[in-house]
Amino acid sequence: MKQLLIVQGLGRSFGGLKAVNDVSFDVLPGEILGVIGPNGAGKTTLVNLISGVIRPTSGSVVFKGDAVTGMAPSHLTRKGLVRTFQSTAVYAARSVRENVVRGSYLKRYPGFLASLMDTPDARRRRASSDQLVDELLARLGLAGVADTAAGSLPYGVQKILGIAIALAARPQLLMLDEPVAGLSAEETDQVRDVILRVRESGVTVMVIDHNMRFIAGLCDRLLVVAAGEELTRGKPDEVLRDQRVVEAYLGTRNVTAGIA
Ligand SMILES: Nc1ncnc2c1ncn2[C@@H]1O[C@H](COP(=O)(O)OP(=O)(O)OP(=O)(O)O)[C@@H](O)[C@H]1O
Ligand SMILES: [Mg+2]
C-alpha cells in the first residue's frame with residue numbers, strides 16, 4: 001500500500017535540546033496511527049514540523065508523493081493535511097455552526113472577487129459549503145447544538161467541535177494532538193467514536209495522546225517516542241506490554257491511565 005505520509009530522519013533542535021531527533025515513520029492510507037510518549041518526548045514538535053508550524057533542522061516530509069518539508073500550514077491544509085492543537089481553539093462567542101464554517105473556508109474559500117460579485121459560481125460554492133457543514137455537524141453529533149455559542153459547551157463537546165473545524169477543511173490526513181486530554185471517561189468514549197466515524201468516512205488519522213485505554217481501543221499501529229527519538233513501534237497490544245514503554249511512562253502523569 002502506498003504511504004500517504006513519509007517522514008524521514010526528521011529533526012529539530014531548540015538551542016542545545018534535540019526536541020525531535022532523526023525520527024522516521026510513515027502513515028498508510030485509511031489507518032489510525034497513534035503517537036505516544038511521556039511529557040516532553042517531542043510529540044507536539046513532531047506534529048508542528050509535519051504541519052509546517054515550525055521548520056525542521058533536518059529530514060524530510062513527503063505527503064501524497066510530494067516533498068512538503070517546511071511548507072506553510074495554509075499550503076498543507078489546501079493539500080489535505082490538517083492538524084488540531086493540544087488546547088481547544090474555538091471562537092467562544094461564536095456558534096458551533098459559525099466555527100465550523102470558518103474551518104470550511106480554510107480550504108474552500110469562495111474567492112474574494114467572486115463573492116463580491118455574487119456570481120452563480122460563488123453562490124454554488126457557498127451552498128455546497130453549507131451542505132458540507134450540515135453533514136459534518138450531523139455526523140459528529142453536533143446538529144443539536146449548531147446555534148449554541150461554542151464557549152458555553154462542555155469541554156468534551158468543544159474538543160469534538162475542534163475536530164469538526166479541522167474536518168471542514170476536508171483533510172485526507174487529520175493529525176490530532178491530545179484530543180481527549182482533560183476529558184471524563186464518558187467524553188473520551190464519545191471522542192473515540194467520533195474518530196472512528198471520521199476514519200470510516202475515508203480520512204486517515206494520526207493521533208497523539210497519553211490515555212492508554214483510549215489509544216489501545218482506537219489505533220491500528222503505535223509509534224512510541226521518548227526524548228525526541230523513536231523507542232519502538234508496532235501493534236498497540238504488543239507495544240503497551242513492552243517493558244521499555246512501561247518504564248518510559250513510569251513517574252509521568254498518566255501511568256494510572258492503565259497500561260495493560
Ligand atoms: N518553541 C520551543 N522552544 C524551546 N523548546 C521547545 C519549544 N517547543 C518545544 N520545546 C521543548 O521540546 C521538548 C519537546 O516538547 P513537545 O511539546 O514536543 O513535547 P510533547 O511530547 O508534546 O509533550 P506533552 O506530552 O507534554 O505535550 C520539550 O523539552 C520542550 O520544552
Ligand atoms: Mg504535546
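In listed order, ligands and their atoms are each counted from 1. Note that the structure is a prediction, hence the values are computed from the model and not measured.
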J.: Is S184 close to Y155 at the side-chain level, that is, under 4.5 Å between some pair of heavy atoms?
T.: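 Of all side-chain heavy-atom pairs linking S184 with Y155, none is under 4.5 Å.
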J.: Under 4.0 Å from a heavy atom of A19: which atoms of ligand 1 are those, numbered in the order shown and with their elements?
T.: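 Answer, ordered by atom number: 12 (O), 13 (C).
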J.: If the test is side chain to side chain contact (heavy atoms under 4.5 Å, CB included), which one of N21, L223, D22 qualifies with E230?
T.: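 Answer after filtering N21, L223, D22: L223.
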J.: Answer side chain, backbone, both or neither: which part of L17 comes under 4.0 Å from ligand 1, heavy atoms only.
T.: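 The side chain, only.
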J.: G42 to ligand 1: N or O pair under 3.5 Å?
T.: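 It does: an N or O of G42 is found under 3.5 Å from an N or O of ligand 1.
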J.: Select the closest option to atom 26 (O) of ligand 1 among V47, N39, I36, judged by heavy-atom distance.
T.: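 Looking at heavy atoms only, the winner is N39.
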J.: Go through the steps to decide whether V20 and L49 satisfy the test side chain to side chain contact (heavy atoms under 4.5 Å, CB included), and finish with yes or no.
T.: CA-CA 9 Å; V20 171; L49 290 170; 4.1 Å; yes
J.: Determine whether R12 and I54 satisfy the following criterion, side chain to side chain contact (heavy atoms under 4.5 Å, CB included), listing intermediate values before the conclusion.
T.: CA-CA 9 Å; R12 170 72 198 215; I54 56 172; 4.2 Å; yes
J.: List ligand 1 atoms under 4.0 Å from A41, heavy atoms only on the residue side.
T.: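 Here the atoms of ligand 1 in question are 19 (O), 20 (P), 21 (O).
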J.: At less than 2.8 Å, how many protein N/O/S atoms surround the Mg ion (ligand 2)? Leave waters out.
T.: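 Protein heteroatoms (N, O, S) closer than 2.8 Å to the Mg ion (ligand 2) number 2.
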J.: For ligand 1, which atoms, with element, lie under 4.0 Å from some heavy atom of E178?
T.: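 Here the atoms of ligand 1 in question are 25 (O), 27 (O).
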J.: Taking all non-hydrogen atoms of both residues, which atom of G52 and which atom of L76 are closest, and how far apart?
T.: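 Of all heavy-atom pairs spanning G52 and L76, the closest is N-CD1, 3.8 Å.
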J.: For atom CZ of R94, is the number of surrounding heavy atoms from other residues, nucleotides or ligands below 6.0 Å larger than 12?
T.: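 Count not over threshold, so no.
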J.: Any idea which atoms of ligand 1 are less than 4.0 Å away from a heavy-atom of T44?
T.: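 Answer, ordered by atom number: 17 (O), 18 (O), 20 (P), 22 (O), 27 (O).
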J.: Considering only heavy atoms from C-beta outward, does the side chain of R233 approach that of V224 to under 4.5 Å?
T.: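 No - every pair of side-chain heavy atoms lies 4.5 Å or more apart.
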J.: Name the one of I195, L183, D189 that satisfies side chain to side chain contact (heavy atoms under 4.5 Å, CB included) with F214?
T.: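 So, applying the side chain to side chain contact (heavy atoms under 4.5 Å, CB included) to F214 and each of I195, L183, D189, only I195 qualifies.
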J.: List the atom of G30, the atom of T204, and the distance in Å for their closest heavy-atom pair.
T.: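 Here G30 and T204 meet closest at N-OG1, 2.8 Å.
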J.: Should you measure from each heavy atom of T45, which atoms of ligand 1 turn up under 4.0 Å away?
T.: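 Within the 4.0 Å cut-off of T45, ligand 1 contributes 9 (C), 14 (C), 15 (O), 16 (P), 18 (O).
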J.: List the steps and the verdict of salt bridge (charged side-chain N to carboxylate O under 4.0 Å, His left out) for R97 and D130.
T.: CA-CA 9 Å; R97 179 190 299 280; D130 287 349; over 6 Å; no
